[in-house]
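Below: the structure, in structure tokens.
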Amino acid sequence: MPSSSLASPLDVELRPDKPALLRVDPPDDPPKWAAEHREALRAQVTEHGALVVRGLGLRDPDQTGAVFRHLAGELITEQEAFAPRETHRPGVYASTPWPANQPMCMHHELSYRLQVPGLMLFACLTASEQGGATAVADAEEVLRALPGGLTERFEREGWILTRTYNDEIGASLTESFGTADRAGIERYCRANAIDFTWQPDGSLRTEQRRNAVVRHPLTGRRCWFNQIAFLNEWTLAPEVREYLVDVYGADGLPFNTRHGDGSPIGEDVVQLINSTYEAHTRREPWHRGDLLLVDNIRTAHSREVFTGERQVLVGMGEPVRPAEDCPALEASER
């Protein structure tokens, strides 16, 4: 089994179609072990984009939160969430609630924000009976594999996320913005290049234009970095899409994505993006106690369908603004 080229005490296994894997003997004190190996672990994530650490035996939110903080420093408080999720400890969340029988497609966490997590941390406290892997895909490889005409347009124009907040689906205003106060929400939107409109019924509709391709802040390499397919109507299960369109109308969906010029993104484009992700997906089944570290700029992640109970905790760290000089973003901030 080949191992990593980085000179470090970590014997990392590199396997086709699977993320890099580090097996460790169960430490007496996982947080202390994480602190001692932080630099070596982070080097592996930089080199490979994602790393599974097996053998830590993570078992509860307190211990998991301590490991997360030792590896990432101060954890990020989620803002602009698209769905509510349980908070176990400050910066330590349950995975996003999503039907177990529907996959959560590849995406980069919070890639529609101006400032995004540079590092994602996942910990499995309970592994599902079948399925449920948090799979990963290399964003550099995905960018190279997508048709040049498609990526050039998105790189030139960016992409638009539209959201309509309601009391039934998705995150509430308070869960997304940290407040329900109109003035506070408006200040946040103006500070973060988000156009907003209050509807006659009091609901909020927002629109934000973001980059689809960015340069990695450390390597400088170009990455396909967005949630164009994940938050698009055509990724929804057909019956779910039909229901939402019937209830809210085609222009009132809780979330949807468009080309940077405002035109709709066709179902064929969404299918092509998702199939390209699938062709470059690497998956490793969760074992109880596993830790997964993901470079959020270089590596997309997903959640596969599963049966049985599944408990995965999530942390986000090292906020970065990956593309200060992208024409699409500059246009949105003018």
Side-chain angles (χ1 to χ4, degrees), residues 74-99 102 104-105 107-118 120-121 158-211 225-233 235-236 240-241 244 247-249 251-258 296 300-301 303 312-322 329 332-333:
E74 184 176 356
L75 299 176
I76 295 172
T77 299
E78 187 175 38
Q79 289 184 292
E80 297 184 49
F82 79 91
R85 56 168 134 203
E86 181 182 1
T87 303
H88 287 277
R89 301 290 184 275
V92 181
Y93 300 94
S95 55
T96 302
W98 199 262
Q102 296 179 25
M104 182 179 288
C105 299
H107 62 285
H108 297 263
E109 198 74 18
L110 298 175
S111 57
Y112 46 81
R113 291 195 63 203
L114 292 186
Q115 193 175 64
V116 306
M120 297 297 300
L121 308 98
W159 62 290
I160 291 173
L161 170 66
T162 61
R163 300 183 65 171
T164 302
Y165 292 84
N166 61 64
D167 296 328
E168 299 174 347
I169 296 178
S172 67
L173 292 175
T174 300
E175 289 163 336
S176 189
F177 295 103
T179 179
D181 175 66
R182 281 200 178 197
I185 292 171
E186 291 174 4
R187 284 194 297 272
Y188 182 94
C189 289
R190 292 190 184 100
N192 289 275
I194 301 173
D195 294 331
F196 60 90
T197 304
W198 295 102
Q199 304 298 311
D201 63 0
S203 63
L204 176 68
R205 177 179 170 81
T206 64
E207 181 176 295
Q208 54 211 87
R209 188 181 182 194
R210 297 294 185 254
N211 304 289
F225 179 77
N226 55 72
Q227 285 171 242
I228 290 168
F230 176 53
L231 295 178
N232 188 274
E233 61 182 301
T235 290
L236 295 169
V240 174
R241 178 184 177 276
L244 292 176
V247 173
Y248 299 107
D251 293 329
L253 296 176
F255 47 81
N256 203 357
T257 61
R258 293 179 174 273
N296 189 43
H301 67 275
R303 194 227 67 195
V312 173
L313 302 187
V314 182
M316 296 167 273
E318 302 188 356
V320 296
R321 181 164 170 156
L329 183 55
S332 73
E333 294 182 300

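In this chain, residues are counted from 1 in sequence order.
Side chains of R210 and L114 form a contact here, defined as non-hydrogen atoms less than 4.5 Å apart. Using a 4.5 Å heavy-atom threshold, the side chains of L161 and Q227 count as separate. Considering only heavy atoms from C-beta on, I169 comes within 4.5 Å of L244 through its side chain. Counting heavy atoms from C-beta outward, T179 and Y188 have side chains that stay 4.5 Å or more apart. N226 has its side chain out of reach of N211: every pair of non-hydrogen atoms, C-beta onward, lies at least 4.5 Å apart. The closest side-chain heavy-atom distance from L231 to N256 is not below 4.5 Å. No side-chain heavy atom of P90 sits less than 4.5 Å from a side-chain heavy atom of L75. At least one side-chain heavy atom of T77 sits less than 4.5 Å from a side-chain heavy atom of Y93.
Although no hydrogens or angles enter the test, the distance criterion places no donor-acceptor pair under 3.5 Å between the side chain of W159 and the main chain of R209. At least one donor-acceptor pair closer than 3.5 Å links the side chain of R303 to the backbone N or O of Q102. Here the side chain of R163 pairs a donor or acceptor atom with the backbone of E80 at under 3.5 angstrom. Proximity of a side-chain donor or acceptor of H108 to a complementary backbone N or O of N296 within less than 3.5 Å is detected.
Listed by chain and residue number, Q199, S203 satisfy the side chain to side chain contact (heavy atoms under 4.5 Å, CB included) test with D201 (two or more places apart in sequence, or in another chain). Taking the side chain to side chain contact (heavy atoms under 4.5 Å, CB included) definition, one finds that P84 meets it with A171, E175, sequence neighbours left out. For R241, the salt bridge (charged side-chain N to carboxylate O under 4.0 Å, His left out) partners two or more places apart in sequence, or in a different chain, are E233. Shown here are the side chain to side chain contact (heavy atoms under 4.5 Å, CB included) partners of V247, two or more places apart in sequence or in another chain: Y243. With sequence neighbours excluded, the residues that form a side chain to side chain contact (heavy atoms under 4.5 Å, CB included) with I76 are P117, M316, P319. Legend: residues meeting side chain to side chain donor-acceptor pair (under 3.5 Å) with W198, ordered by chain and number and at least two apart, are E186.
Rounding to the nearest 0.5 angstrom, the gap separating the CD atom in E207 from the CD1 atom in I194 is 11.0 Å. Of the inter-residue distances, the one linking N166 atom CG with L173 atom CG reads 9.5 Å to the nearest 0.5 angstrom. From R205, atom CZ reaches atom CG of L253 across 9.0 Å, with rounding to the nearest 0.5 Å. Between the CD1 atom in I228 and the SG atom in C105 there is a gap of 13.5 Å [rounded to 0.5 Å].
A salt bridge links R85 with E78: the closest approach of a Lys/Arg side-chain nitrogen to an acidic carboxylate oxygen falls below 4.0 angstrom.
Remark: aromatic rings of Y165 and F177 are close, center separation under 6.0 Å. Taking the six-membered ring where the residue is Trp, the centroids of F230 and F82 are separated by under 6.0 Å.
In plain terms, the two heavy atoms of R190 and F196 that are nearest each other are NH2-CZ, 3.7 Å. Taking each heavy atom of T96 and A83 in turn, the nearest pair found is CG2-CB, 3.8 Å. Considering all non-hydrogen atoms of both residues, A180 and T174 come closest at CB-OG1, 3.4 Å.
Side-chain polar atoms of T164 and Y248 form no donor-acceptor pair below 3.5 angstrom.
Ring geometry, H107 versus H301: the interplanar angle falls from 30° to 60°, so the pair is classed tilted.
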